[in-house]
Structures are given as C-alpha cells and as structure tokens.
Amino acid sequence: MGGHIIFVMERSHRNKLQKRFKPYLKRARVIVLGIPDDYDFMEPQLVRILEAKVPPFFY
C-alpha cells in the first residue's frame, strides 16, 4: 500500500488539504471521519469519538 494515512473530520477539511497540498498527497490516503468541526481542541467528547472512529482503519 505505502504512503501515509491522513484523517480529517469533514469533507471541507479534505478539500482544503487537497487544494493546498495536492502534489504531496499522491501516495496518501485521506480519510474523512464525518465528525462536525464543532469541538474545542482536545475536548473530551471529541477524543472519545476519535478513539472510536480511528482504530478500525488500522486493522
């Protein structure tokens, strides 16, 4: 497979990332987690959501 895995919360984040860094993302897999960007940094509820949504992508 190779490359990197990049997680973003919303499609708009993916679009901004691709628009700005497209040449660097050729070997990257960008995964949209479908989490609204309505949380503060490291907010406990957000951390719980991330802990539930991210691990399945590593198996």
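Heavy atoms only: backbone and side chains are in, while hydrogens, waters and symmetry mates are out.
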> Is there a chain of hydrophobic side chains (I, L, V, M, F, W, Y, each step under 4.5 Å between heavy atoms) that links Ile6 to Leu50?
Replying inline: no
>> Any non-hydrogen side-chain atom of Ile5 less than 4.5 Å from a side-chain atom of Ile31?
In response: yes
> Which heavy-atom pair separates Ala52 from Pro56 by the least distance, and what is that distance?
Replying inline: O-CD, 3.7 Å
> Are the side chain of Glu10 and the backbone N or O of Gly34 linked by a donor-acceptor pair below 3.5 Å?
Replying inline: no
> Taking all atoms of both residues into account, what is the closest heavy-atom pair of Val30 and Arg14, and its distance?
Replying inline: CG1-CG, 3.6 Å
> When rounded to the nearest 0.5 angstrom, what distance separates NE2 in His4 from CZ in Arg29?
Replying inline: 14.5 Å
> Taking atom CG of Asp40 and atom CD of Gln45, what is their separation to the nearest 0.5 Å?
Replying inline: 11.0 Å
> Got a sec, which pairs hit ring-ring contact (aromatic ring centres under 6.0 Å, His included) with one end in residues 7-36, sequence neighbours left out?
Replying inline: Phe7-Phe57, Phe7-Phe58
>> Working to the nearest 0.5 angstrom, can you tell me the gap between Ile49 CD1 and Glu43 CD?
In response: 8.5 Å
> For the hydrophobic clusters of this structure (ILVMFWY residues joined by side-chain heavy atoms under 4.5 Å, transitively), does one cluster hold both Leu17 and Met9?
Replying inline: no
>> Test of understanding: clusters of I, L, V, M, F, W, Y form through side-chain heavy atoms closer than 4.5 Å, transitively. Do Ile35 and Val54 belong to the same one?
In response: yes
